[in-house]
> 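Just passing along the structure, written as structure tokens.
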Amino acid sequence: MKIVVCIKQVPDTAAIIKIKQGSSSIETEGVQYVLNPYDEYAVEEALRIKEKIGDSEVAVLSMGQNRTKDAIKTCLAMGADKAIHLIDDLFEGSDSYATSLILAKTLRDIEYDLILCGKQGVDDDAAQVGPSLAEMLNIPHVSVITRLDLSDDNKKAILHREVEDGTEIIETSLPALFTCQKGLNEPRLPSLKGIMSAKKKEIREVNSEALGLSREEIGSAGSKTEVAALSLPPQRKGGKIIKGEPQESIRELVRLLREEAKII
Amino acid sequence: MIKVSSDVVIIGGGIVGISIAYHLAKKGCSNVIVLEKERLIGSGSTSKGAGGIRQQFSSEINIRLSMESVKIFEQLADELGCKDLFYQNGYLFLLSTEEEMESFKKNVILQRDMGLEVDILSPDDVKSMIPFVNTDDLLGATFCGTDGYADTDGVLQGFAREAKRLGVEIYLQTEVEGIEVKNGKVCRIKTGRGDIETHMLVNAAGPYSAIIGKMAGIDLPVRPFRRQIFITEPMSFIPDSMPMVIDFHTRFYCRKESGGLLMGGGEKKELSSFDTNVDWDSLEILAEKGIHRIPAIKDAKIKRGWAGLYSITPDFNPILGRVPRVEGFICAVGFSGHGFMHSPVTGKLISELIIDGEASTIDLSPLSINRFEDKDKIVPEQNVI
Ligand SMILES: Cc1cc2nc3c(=O)[nH]c(=O)nc-3n(C[C@H](O)[C@H](O)[C@H](O)COP(=O)(O)OP(=O)(O)OC[C@H]3O[C@@H](n4cnc5c(N)ncnc54)[C@H](O)[C@@H]3O)c2cc1C
């Protein structure tokens with residue numbers, strides 16, 4: 001089975017984000033970048049399928065600047081077989097739509113049975129690229145999956161996704177695209193040996209010209225959306241400790257939840 | 001509101017600034033303010049270190065700084081009223097070439113002259129000490145059992161707690177933006193939260209210390225360089241007693257941490273920068289060197305990694321003490337990867353300098369900034385990781 005995993009490098013969730021003065025982008029100095037946590041589930045699932053059914057190949061696909069190589073290498077060290085790095089200054093500024101288009105163009109020339117993505121990038125939390133990519137490729141997609149089983153002939157997949165009050169179980173033919181949610185698996189960590197073997201794996205660089213994409217189709221010119229402004233969430237206020245006898249303090253708690261927090 | 005004046009203002013709430021604050025307060029000077037730009041003390045290099053503490057250096061001044069610091073580390077738990085923070089498991093330097101053997105033997109003579117107990121070991125001795133080390137290409141090793149490592153955050157928080165109890169103020173998220181010098185004297189520190197009048201400033205800004213120097217018109221030869229650490233998942237074969245192991249030839253080092261190994265060193269040569277992203281190339285290099293020295297770690301999983309900054313001077317020794325031409329400007333900078341182990345004695349020395357007018361525990365003249373005036377006279381430290 002040929003599996004493609006689309007991954008993204010994102011600012012570490014622990015990073016303290018500062019917004020660039022008077023702009024709609026963030027201060028990148030001092031920010032650490034990591035493999036998008038939801039993409040780890042996608043990589044792990046691909047590797048598990050390969051280990052289970054054998055005779056498979058896991059290819060990683062990522063668009064990003066030079067530093068994105070580190071995220072790609074993390075996947076190769078986990079056990080992915082090869083990678084394509086979409087790198088071009090013209091790609092910069094692409095929104096979810098333009099990104100999906102670039103990925104779709106790339107996948108047109110690649111054989112695949114299964115495409116896995118994280119359910120969303122933790123940087124912009126858009127959750128768009130997976131589904132729009134599937135639409136552009138004209139293949140089925142199921143988002144936010146927490147379980148993936150293949151039929152005996154590996155031609156179909158059965159997916160679980162958590163919905164309110166239950167689990168939705170969906171069957172689909174392959175090729176298809178799924179976006180992965182926490183709970184799907186426990187991603188492995190790269191081992192030292194894995195890191196060494198990743199050195200020898202192929203990372204093919206592809207630019208806009210190779211994909212036959214023009215300047216107008218990609219980057220901010222090709223984007224359908226525009227970030228108007230960025231602002232930080234309001235600072236969290238300190239907690240409140242309600243002292244006193246349980247009976248009274250609970251009454252006070254209920255009053256505060258009702259009158260101050262207005263949540264009950 | 002922050003105070004508008006203070007006897008001493010320390011710039012930088014890393015281990016060096018906090019140790020200086022503590023030692024000043026302990027010695028009776030507690031009208032002290034520490035200014036830290038980040039949200040937490042220790043956010044800079046201090047939280048990125050390996051916690052290593054060693055006395056095995058090539059130069060007398062570094063051996064002296066370490067031996068005095070070890071004395072303080074040994075009774076720190078008592079002094080700060082906390083649990084033991086110092087693991088004296090020793091430092092084992094593995095040596096692979098005749099040249100390394102020669103220079104380390106020379107160092108051992110100096111170290112023993114100064115009263116340090118250091119052993120020269122054969123590859124077989126190494127094998128019996130740590131059976132999982134590959135000794136095939138080793139010629140020998142040196143070992144000092146009073147070296148070791150300590151809990152960096154424990155020491156930092158301990159110093160900070162005591163300093164505050166004695167009256168020191170630590171202002172977080174307070175960035176120094178300028179320094180006013182009048183008639184050759186420090187008179188005012190400008191911060192994002194207001195000005196503070198003072199005639200005594202200590203520059204303990206770690207990798208940023210050259211920027212602080214510039215604010216007062218002083219050129220400090222201290223440059224930031226990225227260094228990284230990786231932690232493996234627990235591995236059953238690592239004993240608690242494992243010393244810090246330094247493969248001197250490749251600069252790969254490791255010690256036990258949370259059941260696994262903390263590993264660092266042996267990175268690629270880089271230009272000076274403030275970049276603290278983990279660099280994959282260095283991880284590859286480290287993996288190769290690590291597996292060579294300890295083959296059993298090849299299946300070890302990397303749990304996490306981080307990058308921090310060394311503050312490096314031309315001779316890898318710190319710059320401690322006053323500077324010419326600007327009165328009231330004191331440096332405690334450029335620790336070149338040894339700032340944690342040298343922080344206790346630095347606190348003591350700078351407090352002596354400020355309160356008594358002169359440092360008495362150790363003569364500071366070899367660490368004066370003046371040494372860089374005559375480039376030919378600089379003697380670099382050889383044992384740098
Ligand atoms: C990977 C790695 C491993 C290491 N291993 C060891 C080891 O084993 N043993 C050892 O002894 N040392 C080790 N070190 C070195 C050690 O961590 C440093 O020497 C030590 O932490 C320096 O402390 P510091 O207080 O001078 O600097 P820092 O901890 O960097 O503190 C300086 C502080 O100044 C603040 N600051 C800067 N500019 C301003 C401003 N304008 N206004 C206000 N605040 C400001 C910063 O935010 C920072 O918190 C290691 C370092 C690294 C990176």
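The basis for the numbers below is simple: all heavy atoms, side chains too, and nothing from hydrogens, waters or symmetry mates. Note that the structure is predicted; figures quoted are calculated from it, not measured. Below, chains carry the letters A, B, ... as their sequence lines are ordered, and counting in each starts from 1.
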> Would you please test Val278(B) and Tyr33(A) for side-chain contact (heavy atoms from CB on, under 4.5 Å) and show each step?
CA-CA 8 Å; Val278(B) 172; Tyr33(A) 291 88; over 6 Å; no

> When you look at CD of Glu209(A), are more than 12 heavy atoms from neighbouring residues, nucleotides or ligands closer to it than 6.0 Å?
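Open.
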
> With a 3.5 Å distance limit and no angle check, can you tell me whether Gln32(A) reaches the backbone of Thr276(B) through a side-chain donor-acceptor pair?
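Yes.
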
> Is the count of non-hydrogen atoms from other residues, nucleotides or ligands lying under 6.0 Å from Leu271(B) atom CG greater than 12?
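No - once you tally the heavy atoms of other residues, nucleotides and ligands closer than 6.0 Å, there are 12 at most.
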
> Do other residues, nucleotides or ligands put more than 12 heavy atoms under 6.0 Å from the CZ atom of Arg204(A)?
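Count not over threshold, so no.
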
> Side chains of Arg39(B) and Ile16(A), heavy atoms from C-beta outward: is any pair under 4.5 Å?
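Answer yes - side chains close enough.
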
> With heavy-atom distances below 4.5 Å as the criterion, would you say the side chains of Glu288(B) and Met196(A) are in contact?
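Side-chain contact under 4.5 Å: yes.
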
> If the threshold is 4.0 Å, N to carboxylate O, is there a salt bridge linking Lys73(A) and Asp281(B)?
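Judged by the 4.0 Å cut-off on N to carboxylate O distance, Lys73(A) and Asp281(B) do form a salt bridge.
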
> Flag the one option from Leu286(B), Thr232(B), Leu283(B) with the top tally of heavy-atom pairs under 4.5 Å to chain A.
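The option with the most such pairs is Leu283(B).
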
> Roughly how far, to the nearest 0.5 Å, is the CD1 atom of Ile72(A) from the CH2 atom of Trp280(B)?
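Atom-to-atom, Trp280(B):CH2 and Ile72(A):CD1 are 11.5 Å apart.
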
> More than 12 heavy atoms of other residues, nucleotides or ligands under 6.0 Å from NZ of Lys82(A): is that the case?
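Count not over threshold, so no.
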
> Minimum heavy-atom separation for Val31(A) to Asn277(B), with atom names?
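What the structure gives for the nearest pair is O-ND2, 3.0 Å.
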
> Can you name the nearest heavy-atom pair linking Asp299(B) to Ser191(A), along with the distance?
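Closest pair (atom of Asp299(B), atom of Ser191(A), distance): O-CB, 3.7 Å.
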
> For atom CZ of Arg67(A), is the number of surrounding heavy atoms from other residues, nucleotides or ligands below 6.0 Å larger than 12?
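Yes, the 6.0 Å shell around CZ holds more than 12 heavy atoms from other groups.
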
> Within a radius of less than 6.0 Å around CG of Asp125(A), do more than 12 heavy atoms belonging to other residues, nucleotides or ligands occur?
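Enclosed: over 12 neighbouring heavy atoms sit under 6.0 Å from CG of Asp125(A).
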
> Measuring heavy-atom distances to chain A, does Ile291(B) have an atom under 4.5 Å in its side chain, in its backbone, in both, or in neither?
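Side chain of Ile291(B) only, per the 4.5 Å heavy-atom cut-off to chain A.
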
> Drop me the distance from Lys298(B)'s NZ to Ser197(A)'s OG, to the nearest 0.5 angstrom.
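Reported to 0.5 Å precision, the distance equals 12.0 Å.
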
> Checking an interface table here. Which of residues 244-255 of chain B come within a heavy-atom distance under 4.5 Å of chain A?
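When heavy atoms of chain A are the reference, residues 244-255 of chain B contributes no residue within the under-4.5 Å range.
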
> Would you name the heavy atoms of Glu233(B) and Leu189(A) that are closest together and state the gap between them?
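Heavy-atom minimum between the residues: OE2-CD1, 3.5 Å.
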
> Do Leu192(A) and Ile302(B) touch side chain to side chain, with heavy atoms closer than 4.5 Å?
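The answer is yes, as the side chains (C-beta and beyond) meet within the 4.5 Å cut-off.
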
> Tell me whether the count of non-hydrogen atoms from other residues, nucleotides or ligands lying under 6.0 Å of NZ in Lys303(B) goes above 12.
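More than 12 heavy atoms, drawn from other residues, nucleotides or ligands, come within 6.0 Å of this atom.
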
> Just wondering, more than 12 heavy atoms not from Lys268(B) lying within 6.0 Å of its NZ?
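For Lys268(B), atom NZ is crowded (more than 12 foreign heavy atoms under 6.0 Å).
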
